[in-house]
Amino acid sequence: MYKIAVIGDRQSIMGYDSLGLETFETNDAAEAAKLIVKLAETDFAVIYITEKLFSQIGDTVAVYRRKKLPAIIPIPGVSGNTGIGIKEIHAAVEKAVGSDIL
């Protein structure tokens, strides 16, 4: 059975434990990139990561964008929404449909 992970700073991810998701606390982009590689090699199908860290590990995200699993999805942190998540959704929809329908 596949699992779901959440990566980010403590304040941004602490509530996800109560939902049954596995959380990995880090503020460091290099550590987040290593975590993604490690989680991708196991049974994690979805990895949520705070937008701040997501924006700092573009090379790692690009590697997994070409693969089926895991899906790496940016989420807002406690500092607020930076718009990266919405931008990623628009890009995915445009790729799937052929135009931006959102």
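Nothing here was measured: the structure is a model prediction, and the numbers come from that model. Heads up: numbering here begins at 1 and tracks the sequence.
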Ile7 pairs by side chain to side chain contact (heavy atoms under 4.5 Å, CB included) with which of Thr50, Ile75, Ile36?
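Testing each of Thr50, Ile75, Ile36 against Ile7, the sole residue satisfying side chain to side chain contact (heavy atoms under 4.5 Å, CB included) is Ile36.
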
Atom pair [atom1] ([X]) and [atom2] ([Y]), whose distance is rounded to the nearest 0.5 Å:
{"X": "Lys3", "Y": "Leu39", "atom1": "NZ", "atom2": "CG", "answer": "8.5 Å"}
{"X": "Phe54", "Y": "Ile73", "atom1": "CZ", "atom2": "CD1", "answer": "9.5 Å"}
{"X": "Leu35", "Y": "Glu25", "atom1": "CG", "atom2": "CD", "answer": "11.0 Å"}
{"X": "Ile72", "Y": "Leu53", "atom1": "CD1", "atom2": "CG", "answer": "12.0 Å"}
{"X": "Glu22", "Y": "Ile13", "atom1": "CD", "atom2": "CD1", "answer": "11.5 Å"}

Heavy-atom pair of closest approach, residues [X] and [Y]:
{"X": "Asp28", "Y": "Glu31", "answer": "OD2-N, 2.9 Å"}
{"X": "Ala29", "Y": "Ile57", "answer": "O-CG2, 3.3 Å"}
{"X": "Pro70", "Y": "Ile47", "answer": "CG-CD1, 3.7 Å"}
{"X": "Ser12", "Y": "Gly77", "answer": "OG-CA, 3.3 Å"}

Between Tyr64 and Val37, is there a side-chain heavy-atom distance shorter than 4.5 Å?
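Yes, at least one pair of side-chain atoms sits under 4.5 Å.
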
Treating Ile, Leu, Val, Met, Phe, Trp and Tyr as nodes and any side-chain heavy-atom pair under 4.5 angstrom as an edge, say whether [X] and [Y] lie in one connected cluster.
{"X": "Leu69", "Y": "Ile49", "result": "no"}
{"X": "Leu19", "Y": "Met14", "result": "no"}
{"X": "Tyr2", "Y": "Ile4", "result": "no"}

Report, as yes or no, whether the 6.0 Å neighbourhood of atom OH on Tyr16 holds more than 12 heavy atoms from other residues, nucleotides or ligands.
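Not more than 12 within 6.0 Å, no.
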
